[in-house]
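Read the structure below first, then the notes.
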Amino acid sequence: MEETPVTITSPSTAVGPLAASTLVHAGQTGGQWWRDAVIYQVYPRSFADADGDGVGDLRGITSRLDHLAALGVDAVWLSPFYRSPQHDAGYDVADYRQVDPLFGTLEDFDELLATAHGLGIRVIVDLVPNHTSSEHVWFQEALAAGPGSPERARYLFRDGRGEHGELEPNNWRSIFGGNAWTRVTEADGTPGQWYLHLFDSTQPDLDWTNPEVHAEFEQVLRFWLDRGVDGFRVDVAHGMVKADGLPDWDGSVAMVDGSVDGTDPGAPEDGSTGAGNSGPAFDQDGVHEIYRAWHRVLAEYDGDRALVAEAWVEPLSRLARYVRPDEMHQAFNFSFLTTAWKAGPLRTVLAGSLAANDAVGAPTTWVLSNHDVVRHASRLGLGVDGERPNGLFATDPQPDEATGLRRARAATLLMLGLPGSAYLYQGEELGLPDHTALPDEVRQDPAFFRTAGTEAGRDGCRIPLPWQSDAPGFGFGPTGATWLPQPESYGRYAADVQTGVPGSTLETYRAALAARRAHRLGSGTLAWLDAYADADDVVAYRNGDVVVIANLSNRPVVVPRSAEVLVASGDLVRGLNDETSVPTDTTVWLRA
Ligand code: NOJ
């Protein structure tokens with residue numbers, strides 16, 4: 001059921017050092033759970049392994065749901081677990097209605113869902129509608145049926161350019177590197193048509209001008225909605241519709257994490273960081289019709305089911321079009337994720353995100369890590385300029401682990417105090433860094449291969465989780481096997497050595513999520529603290545009765561005596577006059 005968002009006026013009445021008179025966001029609540037939810041991304045192959053083959057699985061996830069309940073999240077989002085040849089870790093789906101045997105069975109999924117629901121945790125699943133696997137029955141039929149057939153019309157097959165069709169139909173590049181077209185051999189053995197793949201050649205793009213494609217995906221939505229899922233994270237939500245005629249494009253091609261070689265992230269006034277994909281393959285107006293139709297499908301079901309867009313779109317006002325009242329419900333805020341660890345750009349992106357979403361009545365989302373980017377504990381250890389390489393090699397300048405973790409915890413508290421919905425990526429609650437020195441022989445990301453090894457790719461952020469410091473494979477599964485090697489340092493980050501330890505990253509996340517819930521920060525307000533409204537190196541805001549101060553400077557920030565410390569991302573400092581201060585790269589939540 002849809003409800004109209006309600007506007008709440010700012011409750012800030014404080015005076016003195018904690019006064020906050022510049023209201024940025026007046027608060028919103030429509031009553032739907034997703035407006036202020038904390039949603040935890042489970043990457044199934046790396047969360048927990050029940051059957052001992054070294055790859056995580058659905059039963060492994062079910063066995064660890066108590067960890068997520070104790071953490072205090074509202075929902076999980078599961079990356080793909082569908083039948084797939086795993087050429088892109090499951091983002092190459094061969095059957096949208098089956099669980100891959102690697103991950104278990106449909107019964108295992110039903111059990112996971114029931115257990116999660118029993119714990120009060122909602123479940124969002126991944127939907128990959130831009131492309132199928134080349135092993136999907138539709139693509140196999142398309143290859144067999146030949147040019148001009150209705151089977152080929154489900155994909156983007158085109159004749160080649162050049163005298164004998166030997167040249168690609170246009171000059172588009174794959175986001176994973178290399179060109180975006182592959183030529184097929186026709187049934188009679190002759191070189192034939194080309195098909196478009198914005199990603200790997202095993203991920204042919206569907207043709208979303210074909211009504212059959214629409215009908216099929218509506219049925220896929222219903223299949224999972226009928227099973228009881230609470231929503232869908234929609235992969236490449238900005239890519240399904242291409243410009244008419246597939247015109248050439250000479251602009252830069254963003255990598256899979258949204259980075260574009262040679263661009264300066266900067267921080268223009270709207271908070272854009274250069275993280276958007278552009279050109280004729282992305283963010284075409286026609287894509288919104290699809291989401292209006294899907295919105296109507298979800299609205300037939302009870303329980304406020306939600307659609308979240310994975311759309312690397314900028315500026316933020318353009319991204320907000322995906323979450324207009326009759327379209328999707330949330331969109332990942334990659335402009336926030338890609339903002340440098342600098343006060344000015346951070347304030348700009350916070351205000352820009354809230355303004356853009358307020359304009360359409362949608363909640364803003366916040367996210368710092370996922371399975372496509374270097375984890376924020378490593379990224380922020382590289383420097384403060386917002387570097388975001390597509391993975392790291394052992395020969396690259398390495399992140400400073402201690403600085404990275406310190407900043408990551410500070411960035412997380414800065415994020416979790418904000419109004420809106422926050423996404424966490426598995427393992428960030430342990431403070432995990434990337435594996436930054438994987439041997440090339442074990443890499444699996446197609447981006448590594450398609451760039452001929454010039455990009456390390458995303459394997460480093462996908463390492464199996466450490467649950468127990470003294471067990472083989474750090475307790476990932478019963479045999480010690482792990483599909484990617486874990487760095488030795490993961491023993492120090494294991495869940496068991498952090499549980500119950502005050503000040504550990506895990507306990508800090510738990511405390512923050514509990515306080516966020518108790519103070520209703522997710523549906524709250526945001527006003528800049530007057531004292532730091534223009535500060536170069538401090539971000540400070542008030543959300544209801546909570547004040548959040550993130551100190552990015554190299555000198556301590558003194559906490560007013562009247563304030564009670566609720567949560568801090570690191571140790572606070574007691575001064576000579578018994579005053580408390582927030583040290584460098586630390587965020588504190590105060591009740592004041
Ligand atoms: C975005 C997903 O997050 C990423 O992991 C995947 O490789 C691409 N889409 C292609 O599906």
Side-chain angles (χ1 to χ4, degrees), residues 39 41-47 77-94 96 100 124-136 139 155 172-178 180 196-206 208 217 220 232-240 242 253-259 275-277 281-283 287 307-313 322 330-334 337-338 365 367-375 388 390-391 423 425-426 434 443-451 455-463 484:
I39 303 174
Q41 180 188 356
V42 170
Y43 193 64
R45 55 172 46 232
S46 300
F47 188 70
W77 145 38
L78 302 173
S79 280
F81 49 81
Y82 315 110
R83 189 178 285 274
S84 159
Q86 306 291 324
H87 291 304
D88 184 22
Y91 281 95
D92 48 324
V93 181
Y96 290 84
D100 195 280
I124 289 177
V125 295
D126 221 305
L127 187 75
V128 188
N130 178 67
H131 45 266
T132 69
S133 160
S134 51
E135 291 185 16
H136 191 285
F139 194 71
Y155 293 91
W172 293 5
R173 309 286 296 166
S174 156
I175 283 186
F176 287 160
L196 178 73
H197 50 88
L198 291 183
F199 295 91
D200 189 51
S201 56
T202 60
Q203 294 166 295
D205 280 48
L206 288 161
W208 276 89
F217 274 88
V220 171
F232 301 89
R233 174 267 190 192
V234 179
D235 191 63
V236 204
H238 59 317
M240 285 135 74
K242 280 79 178 172
V253 174
M255 300 304 293
V256 66
D257 67 345
S259 62
N277 296 122
F282 295 105
D283 195 28
V287 84
L307 293 165
V308 52
E310 190 238 6
W312 290 82
V313 169
Y322 288 76
Q330 296 185 332
F332 291 116
N333 186 344
F334 294 126
L337 184 152
T338 51
T365 67
V367 58
L368 287 165
S369 283
N370 68 25
H371 66 294
D372 288 332
V373 300
V374 173
R375 285 175 175 277
R388 40 192 179 88
N390 186 16
Y423 277 82
Y425 175 48
Q426 67 178 37
D434 266 35
R443 292 191 190 279
Q444 305 210 9
D445 185 352
F448 170 75
F449 298 101
R450 292 189 61 90
T451 59
E455 299 278 344
R458 302 159 293 171
D459 295 310
C461 66
R462 299 174 171 181
I463 304 297
L484 283 173

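Computed from a predicted structure; not experimentally measured. Order of appearance sets the numbers: ligands from 1, and atoms from 1 within every ligand.
Of all the listed residues (D445, D235, N370), D235 holds the heavy atom that lies closest to atom 1 (C) of ligand 1.
With sequence neighbours excluded, no residue forms a ring pair (Phe, Tyr, Trp, His ring centres under 6.0 Å) with F232. The ring pair (Phe, Tyr, Trp, His ring centres under 6.0 Å) search around H197 returns Y195, not counting sequence neighbours.
Ion pair R458/D88 flagged as a salt bridge, since at least one NZ, NE, NH1 or NH2 atom sits closer than 4.0 Å to an Asp/Glu carboxylate oxygen. Electrostatic pairing of D372 and R462 counts as a salt bridge here, judged by a charged N lying under 4.0 Å from a carboxylate O. One finds a salt bridge joining D235 and R233 here, because a Lys/Arg side-chain nitrogen approaches an Asp/Glu carboxylate oxygen to under 4.0 Å.
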Worksheet item: Between F334 and V313, is a side-chain contact (heavy atoms from CB on, under 4.5 Å) present by the stated rule, with each step listed?
Response: CA-CA 8 Å; F334 294 126; V313 169; over 6 Å; no
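At least one heavy atom of R233 sits closer than 4.0 Å to an atom of ligand 1.
Residue-ligand proximity, V236 to ligand 1, at heavy-atom distances under 4.0 Å covers atoms 9 (N). Short contacts between ligand 1 and R458, defined as distances under 4.0 Å to a heavy atom of the residue, involve ligand atoms 4 (C), 5 (O), 6 (C), 7 (O). Taking a cut-off of under 4.0 Å to the non-hydrogen atoms of H131, the atoms of ligand 1 that pass are 10 (C), 11 (O). Under a 4.0 Å criterion applied to the non-hydrogen atoms of F176, ligand 1 contributes the atoms 7 (O). Ligand-side atoms of ligand 1 in range of D88: 6 (C), 7 (O), 10 (C), 11 (O), range being under 4.0 angstrom from any heavy atom. Near E310, meaning under 4.0 Å from any of its heavy atoms, are these atoms of ligand 1: 1 (C), 3 (O). Per-residue contacts place R462 under 4.0 angstrom from the following atoms of ligand 1 (heavy atoms of the residue considered): 5 (O).
Counting only distance, with no hydrogens or angles, the side chain of Q203 and the backbone of H131 share no donor-acceptor pair below 3.5 Å.
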